[in-house]
Chemist: 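Have a look at this one before I ask anything.
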Number of protein chains: 2
Amino acid sequence: MVDDTEKTDSKKAAKKEAKRAEKAAKKAEHKAAQVKPNSNDSVTEEGDVSLGKYGALPLIQSDPLAPKRTFTPLSVISKELSGKDLWVRARLHTSRARGKQCFIVLRQREYTVQVLVNVCDTVSKAMVKFCSNVSKESIVDVHAKVAEVPSPIAGCSQSDVELVAKELWVVSASQPQLPLQIEDASRAENEETSLNIRVNQDTRLDNRVLDLRTAANQAIFRLEGGVCRLFRDTLTRRGFVEIHTPKIIPAASEGGANVFTVSYFKGAAYLAQSPQLYKQMAIAADFDRVFTVGAVFRAEDSNTHRHLTEFVGLDLEMAFQYHYHEVVSTIGDVFTEIFKGIRDNFQKEIALVNQQFPTEPFTFLEPPLVLEFPEARKMLLEAGVEVGEEDDLSTPVEKLLGRLVKAKYYTDFYILDKYPLAVRPFYTMPDPRNPKASNSYDMFMRGEEILSGAQRIHDAPFLCERAKFHGIDTAKIAGYLDAFRYGCPPHAGGGIGLERVVMLYLGLDNIRKTSMFPRDPKRVSP
Amino acid sequence: MVDDTEKTDSKKAAKKEAKRAEKAAKKAEHKAAQVKPNSNDSVTEEGDVSLGKYGALPLIQSDPLAPKRTFTPLSVISKELSGKDLWVRARLHTSRARGKQCFIVLRQREYTVQVLVNVCDTVSKAMVKFCSNVSKESIVDVHAKVAEVPSPIAGCSQSDVELVAKELWVVSASQPQLPLQIEDASRAENEETSLNIRVNQDTRLDNRVLDLRTAANQAIFRLEGGVCRLFRDTLTRRGFVEIHTPKIIPAASEGGANVFTVSYFKGAAYLAQSPQLYKQMAIAADFDRVFTVGAVFRAEDSNTHRHLTEFVGLDLEMAFQYHYHEVVSTIGDVFTEIFKGIRDNFQKEIALVNQQFPTEPFTFLEPPLVLEFPEARKMLLEAGVEVGEEDDLSTPVEKLLGRLVKAKYYTDFYILDKYPLAVRPFYTMPDPRNPKASNSYDMFMRGEEILSGAQRIHDAPFLCERAKFHGIDTAKIAGYLDAFRYGCPPHAGGGIGLERVVMLYLGLDNIRKTSMFPRDPKRVSP
């Protein structure tokens, strides 16, 4: 499955291969011939008027002499095209035969259209039978005339017309037995069905190639791509430079907890739990403002709705002049741009996801709300929950605070600033006036944390002092400390979990819904 | 070095920490006090007229009460500002004391300006002495008046003025001993010096935070960020969706050669050598056209100028209608857009790199040249090199071909199409007419391969047959084969090595120059 490194391996087999290649190509040709029209013996009959109008298309192998059609996308098929002849390439979503007719629904992502294959002068019984036997999820080329229908076709996105088939060719056949049905995988969460068929998450993930074909999944991952783009574009406009940080690192940071070990030639290495050190090195190396998008690894045995062992980090780091609030306000702007960008460019995707997973629309303020930790404690206390001055917030308390903030300020996004120094990592800059506070912040969506960040200590001796204070062996973090020995501007930053942002924006209940191929302690496949 | 997972660990230490926090903050305050003006005992004297105008600034800890200045970027300092007072924050690049004067060169990326600290009514001897003792690479705030100079200042980018210092504060001090000098690391390859001082690559990489501060390195990585952006923007405009593929994978593809093993909880997993399977799954899952940018891992013990064990892959995959040349032409367009984008937006960066590493400008044709393998063989034969009909090209032969193509077509970029089937991986689609050829291609810059790609076999039974043909145990690639069992459109794609593109565009001699923190068999740090 690798383009590049295989050359060497393959080369060894070159001579052997040479002799076999011709034979293989002949086989392939033979195979293509086998699947030509009317190969379906049971329905072939003398004088089939549809002969040459249906069947399995030869394997598309980029033959320059093969016939070529121009396809019309399903999305544009409507009354305006009625009477027109066209070709479409789409999946066979469902089909049912009824006497001399076969009704097929074709699907192209979220778009669906009905095809009628009807015995007539030019369409044989054999062709109808062939069409009704094509397995669901096969890709087919259909030549048809667009016809208006007297009443809208229920369940089709293109409901005011149907396609009256003239030809139907199978481009890529699906196995007839599907491990899950797309209709079941697409069923709305709030829809009551007699059988109440649902597809459980493991079945979905085990058969992700099918599961991803649902309209909601198509929308989720298109929107996720959009979030990445909005993140990068906003920062690029603000003078940030994109960098790439290594995933293979020499030492397990923070004493080796939650880190994956890699065999590295004759030694061992580790998978980076965060690009933070490298972002900070880029700042110390005069890049001024940097961001990076990439895989982050956590060997944490957390089997929750919001933890993955591998996720996509949207990370940024920025030198500031005097106050880390310069950075907090930049990060706040990034979120505002992301939320506005999604709202303005992904309405259709949001609607598709909501059809299957109904939720309240996401609300936000511009500029974002910034709460300080003591204010949050006060709000919680008024709600009957006491949080110590130097305690962290537990996950349930974070959720409660999210609800209190939503009720008071009507926003699903806010920034919580000035966390207690005691609950933050050693490299966090202490507050200059309050010895119990720190220059650090978390950001929340619908009451769940999606970013953690801080002003980092940029002074090597002070950093060393704070590390010792935390009981950290400074010899083990020498590489980190060294980054700050040759002059470093004050800086702050943070890391955003992409999958969490998408999950929470869309109000989904599980992070596995927003990771295309999720990894957790129990799953490394497909 | 991790924002998120540490909460738990830190929490345990919360109580202990609480007691110590106050003490720590006091220490920090004390420390800040220590580095206040006139802490430099040796030069302090009664009646220092510059008292309060120089010294070490207290640690920038985001104190709301600290004084704030507006800084002028070095890049805009010129004659137009002469007579004006301004503040700058920059690195002290070099300094030399000469009697009652100290000449300092400040640096901000590629910009440099001279500062004169001159004993006068308002500047004391003590201040000049302090300034001349500030270690190189320290970050300083300077308050100064812009003054025209009678003749241009050699070696400064802002050569028509100097800054006459009124105040100078050290924001972040560098250690006085530097493991490498920025001037040495910046020296042009073709510059003859009496001592001929160069910084070797390992010293550079071991001290990357310093090395990255050179003008050439600043330019290389800004341009690299630009290449990523151009790649993504071009594809986004063409309807591609950005996806993220897992780096931790369940099975070593292709029999386990060149793959890193990861300890995964109680089992083992592997690092992905390519996102190819996942891109193809996305195509089988109806995403139609996808791209992904991310880390790719190769456990190959290759210690060459162009191999890394971890690099950034720019990968794309695209369903096509009839011919894989639809994809080849899209990839060709992507390169054209990248080359034009670099040419139009990164002239300054190219010039900065060329100052240190002189090279011929990169040439390309629009649309790109596409050669077929037999034509390439013919050109090589005419040059006296015979390549068998079913042989791959060796690296030296690729380079020779690059020179022949450059001489004949005047392009540093071209596409070589229709590789022999025998030298390509099992999943490569055979040519439909020539049993010895395949629907596959490589792309080259300055005679070195930067992309490998092909039409992939999208039919599960045929794929299975070809795998067996290559002697691959199909049970081991079941996950891959399954992706094609439920209908898949014909598709092709390829993977580009980002660092190679940047290295070859800029005519650099080593891929470690275009990887910010390179990884090779002998290096996993910093």
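All chains are named by letter (A, B, ...) in the order of the sequence lines, taking the proteins before the strands, and each is independently numbered beginning at 1.
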Chemist: Given a strict heavy-atom distance threshold of 4.5 Å, which part of Leu451(A) is in contact with chain B: side chain, backbone, both, or neither?
Modeler: neither
Chemist: Please confirm whether the ring centroid of Phe260(B) lies under 6.0 Å from the ring centroid of Phe265(A).
Modeler: yes
Chemist: Looking only at heavy atoms and a cut-off of under 4.5 Å, which of Phe297(A), Phe287(A), Tyr324(A) has the most pairs with chain B?
Modeler: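 The option with the most such pairs is Phe287(A).
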Chemist: Check each atom of Pro518(A) against the heavy atoms of chain B and say whether the ones under 4.5 Å are side chain, backbone, both or neither.
Modeler: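 Looking at Pro518(A), nothing touches chain B.
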Chemist: Between Leu65(A) and Arg433(B), is a side chain to side chain contact (heavy atoms under 4.5 Å, CB included) present by the stated rule, with each step listed?
Modeler: CA-CA 10 Å; Leu65(A) 302 181; Arg433(B) 306 256 154 198; 3.6 Å; yes
Chemist: Lys522(B), His323(B), Met281(B), Gln108(B): which one forms the most heavy-atom pairs within less than 4.5 Å of chain A?
Modeler: His323(B)
Chemist: Sort Glu310(B) into side chain, backbone, both or neither according to what part of it lies under 4.5 angstrom from a heavy atom of chain A.
Modeler: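 Just the side chain, heavy atoms under 4.5 Å.
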Chemist: Just so I know, are the side chains of Arg107(B) and Asp286(A) near enough to count as touching, which here means a heavy-atom distance under 4.5 Å?
Modeler: yes
Chemist: Measuring heavy-atom distances to chain B, does Val312(A) have an atom under 4.5 Å in its side chain, in its backbone, in both, or in neither?
Modeler: side chain
Chemist: Kindly give the heavy-atom pair with the smallest separation between Val293(A) and His244(B), and that separation in Å.
Modeler: CG1-CE1, 4.1 Å
Chemist: Relative to chain A, which segment of Ile60(B) carries a heavy atom at a distance below 4.5 Å: side chain, backbone, both, or neither?
Modeler: both
Chemist: Who among Thr245(B), Asn217(B), Leu498(B), Val241(B) has the most heavy-atom pairs with chain A under 4.5 Å?
Modeler: Val241(B)
Chemist: Find the one option among Thr236(A), Val171(A), Asn207(A) whose heavy-atom pairs under 4.5 Å with chain B are most numerous.
Modeler: Thr236(A)
Chemist: With a 4.5 angstrom heavy-atom cut-off, could you sort out which part of Val262(B) is near chain A: side chain, backbone, both or neither?
Modeler: both
Chemist: Tell me, side chain or backbone of Ile243(A) under 4.5 Å from chain B's heavy atoms, or both, or neither?
Modeler: side chain
Chemist: With a 4.5 angstrom heavy-atom cut-off, could you sort out which part of Gln455(B) is near chain A: side chain, backbone, both or neither?
Modeler: side chain
Chemist: Let me know if Phe320(A) has heavy atoms under 4.5 Å from chain B in its side chain, its backbone, both or neither.
Modeler: both
Chemist: Less than 4.5 Å apart, side chain to side chain, heavy atoms only: is that true for His325(B) and Ser62(A)?
Modeler: no
Chemist: Quick one: what part of Arg89(A) sits under 4.5 Å from any heavy atom of chain B, side chain, backbone, both or neither?
Modeler: side chain
Chemist: With chain A as the partner, which of Asp211(B), Ile457(B), Val209(B) has the greatest number of non-hydrogen pairs under 4.5 Å?
Modeler: Val209(B)
Chemist: Within a strict 4.5 Å, meaning less than it, do heavy atoms of the Tyr486(B) and Ser135(A) side chains meet?
Modeler: no
Chemist: Within the 4.5 Å heavy-atom criterion, are Pro489(B) and Arg91(A) side-chain neighbours or not?
Modeler: yes
Chemist: Using non-hydrogen atoms and a 4.5 Å limit, figure out which bit of Pro67(B) sits close to chain A: side chain, backbone, both or neither.
Modeler: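 Backbone of Pro67(B) only, per the 4.5 Å heavy-atom cut-off to chain A.
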Chemist: Side chain, backbone, both or neither: which part of Leu92(B) has an atom under 4.5 Å from a heavy atom of chain A?
Modeler: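 It is neither, since no heavy atom gets under 4.5 Å.
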Chemist: Between Pro246(B), Pro250(B), Gly225(B), which residue shows the highest count of heavy-atom pairs closer than 4.5 Å to chain A?
Modeler: Pro246(B)
Chemist: For each of Arg229(B), Glu137(B), Arg222(B), tally heavy-atom pairs with chain A at distances under 4.5 Å, and name the one with the top tally.
Modeler: Arg222(B)
Chemist: For Asp63(B), is it the side chain, the backbone, both or neither that has a heavy atom under 4.5 Å from a heavy atom of chain A?
Modeler: both
Chemist: Tell me which of these, Gly267(A), Pro490(A), Ser138(A), has more heavy-atom pairs under 4.5 Å with chain B than the rest.
Modeler: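 Looking at each of Gly267(A), Pro490(A), Ser138(A) in turn, Pro490(A) comes out on top.
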Chemist: May I ask you to name which of Gly497(B), Cys488(B), Gly479(B) has the most heavy-atom pairs under 4.5 Å with chain A?
Modeler: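 Top count of heavy-atom pairs under 4.5 Å with chain A: Cys488(B).
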Chemist: Would you mind checking which part of Asp482(B) comes under 4.5 Å of any heavy atom in chain A, side chain (CB onward), backbone (N, CA, C, O), both or neither?
Modeler: neither
Chemist: So that I can tick it off, tell me whether Arg232(A) and Glu242(B) are bridged by a salt bridge, with the cut-off set at under 4.0 angstrom between side-chain N and carboxylate O.
Modeler: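 Judged by the 4.0 Å cut-off on N to carboxylate O distance, Glu242(B) and Arg232(A) do form a salt bridge.
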Chemist: Which one wins on heavy-atom pair count under 4.5 Å against chain B: Lys68(A), Arg109(A), Met516(A), Glu224(A)?
Modeler: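 The answer is Lys68(A).
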Chemist: Among Met429(A), Arg208(A), Gln321(A), His458(A), which residue forms the greatest number of heavy-atom pairs with chain B at distances under 4.5 Å?
Modeler: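 Between Met429(A), Arg208(A), Gln321(A), His458(A), the count favours Gln321(A).
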Chemist: What part of Ala295(A) lies closer than 4.5 angstrom to a heavy atom of chain B: side chain, backbone, both or neither?
Modeler: side chain
Chemist: Can you name the closest pair of heavy atoms from Pro521(A) and Tyr264(B) and give their distance?
Modeler: O-CE2, 4.0 Å
Chemist: Considering only heavy atoms, which portion of Gln175(A) lies under 4.5 Å from any heavy atom of chain B: side chain, backbone, both, or neither?
Modeler: both
